[in-house]
Amino acid sequence: MFSSVVTAACRVRDTAPMNILIVEDEARIASFVERGLKAEGFAVQVAGDGRTGYALACQEEIDLVILDLMLPELSGEQVLTKLRTTRPDVPVIVLTAKDAVDDRVRNLNAGADDYVTKPFSFAELSARVHARLRARDQASSLTLEVGDVELDLRGRTVRLDGRQVELTTREFTLLETFMRHRGQVLSQVQLMDRVWGYDFDPGSNVVEVYVGYLRRKLRRDLIETVRGAGYRFVG
Ligand code: CA
């Protein structure tokens with residue numbers, strides 16, 4: 001249990017493959033899409049019915065969902081409606097029959113980000129997958145807000161309760177790392193690896209020192225020390 005939590009916290013978005021979930025009951029189509037996406041370097045999971053698909057889509061590591069509409073157990077539309085409550089941010093691309101134009105409009109209104117009509121070429125689907133992932137990354141890469149701490153990732157500025165706080169580059173990166181993993185315990189090794197990015201001297205107390213800087217410049221209670229495990233941002 002503990003190790004799976006740490007693995008999730010360890011995930012580095014820049015290097016780990018993006019996870020795509022295909023919810024499609026037609027095995028031929030599912031495997032065609034799966035093979036294509038894997039060849040492009042994505043990690044792929046497949047669900048053959050709506051219920052399983054919904055359960056898998058709720059997992060935080062899924063970066064994008066490709067959702068067929070005609071599914072056993074739960075329809076694609078039902079999956080989409082539920083998913084919009086549990087995971088409003090995950091991009092969803094709907095697969096729909098060519099003549100179901102009304103359905104398409106309804107689905108976009110229900111929160112699908114895009115749709116592809118069957119039959120489709122892999123190139124078409126792939127282009128849409130990349131476009132949705134790019135759009136999501138751009139939207140999430142401008143500002144990061146947790147509680148009363150706000151990071152402007154473009155301008156590299158920090159505000160606490162609306163007041164600007166001056167941070168060095170390293171302090172900024174450390175704070176960003178904490179904020180991207182709010183509530184998760186990050187070990188010294190993980191923080192060194194992400195923020196300093198080199199093999200470090202295990203005896204070094206540089207993380208502790210920089211956590212101290214952040215506490216002084218922001219607020220002491222933003223970062224908790226978890227004895228024997230590391231630090232946790234609780235902002
Ligand atoms: Ca189907």
Side-chain angles (χ1 to χ4, degrees), residues 1 3-5 7-141 180:
M1 185 62 195
S3 70
S4 73
V5 170
T7 307
C10 267
R11 185 155 172 261
V12 181
R13 191 163 277 282
D14 295 341
T15 53
M18 291 276 184
N19 286 290
I20 297 186
L21 172 66
I22 303 167
V23 189
E24 167 64 84
D25 59 324
E26 282 175 70
R28 194 179 46 86
I29 297 179
S31 120
F32 158 72
V33 174
E34 181 184 14
R35 270 182 285 123
L37 291 172
K38 281 186 171 165
E40 293 197 353
F42 292 105
V44 180
Q45 294 185 59
V46 178
D49 66 79
R51 198 173 300 281
T52 312
Y54 174 69
L56 289 173
C58 288
Q59 298 175 347
E60 214 178 302
E61 64 262 29
I62 296 295
D63 295 297
L64 183 140
V65 180
I66 295 172
L67 180 66
D68 183 34
L69 288 186
M70 303 284 281
L71 291 167
E73 305 272 335
L74 275 182
S75 74
E77 225 158 354
Q78 289 172 306
V79 172
L80 189 56
T81 306
K82 281 158 71 81
L83 200 54
R84 279 307 166 232
T85 314
T86 46
R87 291 202 62 199
D89 298 333
V90 70
V92 177
I93 298 176
V94 158
L95 302 179
T96 182
K98 201 161 196 164
D99 51 2
V101 177
D102 288 351
D103 283 350
R104 254 182 262 160
V105 174
R106 234 188 14 252
N107 281 307
L108 287 172
N109 288 339
D113 297 275
D114 207 346
Y115 63 86
V116 173
T117 54
K118 292 178 174 182
F120 56 88
S121 69
F122 180 74
E124 183 188 355
L125 177 63
S126 166
R128 289 178 193 256
V129 166
H130 285 282
R132 291 337 302 178
L133 290 173
R134 252 196 325 273
R136 188 205 55 174
D137 283 354
Q138 277 164 6
S140 67
S141 67
R180 287 191 186 280

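Order of appearance sets the numbers: ligands from 1, and atoms from 1 within every ligand.
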Discussion item. Main chain of Val23, side chain of Asp68: is a donor-acceptor contact present, judged purely on distance under 3.5 Å?
Written reply: no
Response to the item:
salt bridge (charged side-chain N to carboxylate O under 4.0 Å, His left out) filter on Arg87, not counting sequence neighbours, yields none
Worksheet item: Residues in salt bridge (charged side-chain N to carboxylate O under 4.0 Å, His left out) with Asp25, at least two apart?
Response: none
Discussion item. Taking salt bridge (charged side-chain N to carboxylate O under 4.0 Å, His left out) as the definition, give me every residue that meets it alongside Lys38, ordered by chain and number, with sequence neighbours left out.
Written reply: Glu34
Item to complete: Go around the Ca ion (ligand 1) and count every protein N, O or S atom nearer than 3.0 Å.
Response: 3
Fill in: Asp63 side chain to Asn19 backbone, donor-acceptor under 3.5 Å
yes
Worksheet item: Minimum heavy-atom separation for Thr86 to Cys58, with atom names?
Response: OG1-SG, 3.9 Å
